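In what follows, chains are A, B, ... by sequence order, proteins preceding strands, each numbered from 1. Since the model is a prediction, treat every value here as computed from it, not as a measurement. The figures that follow rest on heavy atoms only: side chains count, while hydrogens, waters and symmetry mates do not.
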Number of protein chains: 2
Amino acid sequence: MKKAEATRLHILQKAFELIYVKGYQTTSVDDILATTQVTKGAFYYHFKNKDEMGIAIINEIMKPSLINSFIVPLQQQENPVEAIWQLIHHLLMKNEFLKVAYGCPAANFTYEMTPWNSDFTQVLDELARQWEKVMIQTIERGKKNKYIRKDVNARQVTLFIISGYWGIRNFGKLENSRSVYLPYLKELKNYLHSLT
Amino acid sequence: MKKAEATRLHILQKAFELIYVKGYQTTSVDDILATTQVTKGAFYYHFKNKDEMGIAIINEIMKPSLINSFIVPLQQQENPVEAIWQLIHHLLMKNEFLKVAYGCPAANFTYEMTPWNSDFTQVLDELARQWEKVMIQTIERGKKNKYIRKDVNARQVTLFIISGYWGIRNFGKLENSRSVYLPYLKELKNYLHSLT
DNA sequence: TGCAGATAATACTAACCGGTATTTTTTATG
DNA sequence: CATAAAAAATACCGGTTAGTATTATCTGCA
């Protein structure tokens, strides 16, 4: 029972890395088999088909990492302006896993699979909504604690910030250099201070 | 000479529509042939291969439309705050060609082709830089004409705004409804006013 | 009108794709 | 240690892909 779980996880992790770099469509099942050294029989024992594996990657690899890297950091600081800026700054400049050239894994998936694959769209939407929800809470908390003006609309601000994050990662892909992130981050700071 | 140009253009236009909806990878040459009623011989007479057609789509279809829909509107208004807001509002809410569910054509291409196809990346980067350049000029002009504070950094603001646009289109794809655009637009207005 | 070069039609290929059917090996448990 | 079920290995298939080689037809111009 133990070893089987290990190979399943191995497939998911390696496949995620491949897909993050090459995209879902262009990563063939055979590619995954080659890099994992897993045979086709094993692969299709664990997954009904390629798409089921794709969904599993989102649920079992990306979702947990979303919570660790995108959600918990928001909840660990009292000042939401600081929390949000630190989070985005860390995601763009410090996070060793998220590479500039390859963009945001969730956004990549979204662009590639939406709207023609509704299963993917739904699971990805859940991911986005989760981040959105927590950021709204963070801002509302900040309003109560007087870090942020009362007339600020938390959901509006959240959508604005998350959109900006996704978009700047698109820029990063194009220019393949973290340097585009810097002016963006400066302006994000200005914007966040305009909310105080 | 005339009819040949017509079929070439016909291919580019129909292929662009297909790719906008389905994505580049999942749109096969045969798909394009089927919808254009063009034969393979004709297709490969006009284009060396599929990628050359892809680049031609960006240069000959998307670039001109970028100028019409993204650049000229910025130059036709004196007040940059108004100009930018009207532009984004129009792109998101009014433009009949850009569908919510299918996102931004340029961003789609970027996400799908970057970084593993450098030809695409380069041409798409040019597109982005062109928009960026004009928006920077718009803001600088606004600073001179006292519509915008002197201490505002035009490039920072531009990156911030374009990123937001790309990102909210990602949101739109996920939720497949223009309604997400509304809170974003409200906050964009707030942000723009914070620059005055 | 004739004809050469520009367009286009047809038939084909080799590689690759996701997926399946069958057999073999491994593993947990009595 | 025997055995049944879980897990993995192997070989194969039909369909699709981008691309090519060859042949046919158009079109503009002398």
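- For the side chain to side chain donor-acceptor pair (under 3.5 Å) test, residues two or more places apart in sequence or in another chain that qualify with Arg149(A) are Asp151(A).
- The shortest distance between the side-chain N/O atoms of Thr7(B) and the OP1/OP2 oxygens of dA8(C) is below 4.0 Å.
- The side chain to side chain donor-acceptor pair (under 3.5 Å) search around Thr7(A) returns His46(A), not counting sequence neighbours.
- In this structure, the CD1 atom of Ile11(B) is 12 Å from the P atom of dT7(C), given to the nearest Å.
- Contacts between residues 43-61 of chain B and DNA chain C, defined by a heavy-atom separation under 4.0 Å, are made by Tyr45(B), His46(B).
- Note on Phe171(A) and Tyr111(A): separate hydrophobic clusters, where clusters join Ile, Leu, Val, Met, Phe, Trp and Tyr whose side-chain heavy atoms are under 4.5 Å apart, directly or indirectly.
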**Message:** Let's go through Tyr24(B) and Asp51(B) carefully: what are the C-alpha distance in whole Å and the side-chain angles of both, what is the deciding distance for side-chain hydrogen bond (donor to acceptor under 3.5 Å, both in side chains) to 0.1 Å, and is it a yes or a no?
**Reply:** CA-CA 9 Å; Tyr24(B) 180 78; Asp51(B) 278 6; 2.5 Å; yes
Using distance only, find each side-chain donor-acceptor pair of residues 152-166 of chain A under 3.5 Å and give its atom names and separation, not counting sequence neighbours.
from	atom 1	to	atom 2	distance (Å)
Asn153(A)	OD1	Arg155(A)	N	3.0
Asn153(A)	OD1	Gln156(A)	N	3.0
Arg155(A)	NE	Glu132(A)	OE2	2.9
Thr158(A)	OG1	Ala154(A)	O	2.8
Ser163(A)	OG	Leu159(A)	O	2.8
Ser163(A)	OG	Ile168(B)	N	3.3
Tyr165(A)	OH	Arg169(A)	NH1	3.3

Taking distance alone, no hydrogens or angles, what donor-acceptor pairs closer than 3.5 Å link side-chain atoms of residues 90-100 of chain A to residues at least two apart or in another chain?
from	atom 1	to	atom 2	distance (Å)
Asn95(A)	OD1	Phe97(A)	N	2.8
Asn95(A)	OD1	Leu98(A)	N	3.0
Lys99(A)	NZ	Glu96(A)	O	2.9

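- When all heavy atoms of Thr39(A) and Leu33(A) are compared, the closest pair comes out as O-CD2, 3.9 Å.
- Residues from residues 17-40 of chain B with heavy atoms under 4.0 angstrom of DNA chain C, sorted by number: Thr39(B), Lys40(B).
- Screening Thr26(B), Thr27(B), Ile61(B) against Ile19(B) for a side-chain contact (heavy atoms from CB on, under 4.5 Å) leaves a single residue, Thr27(B).
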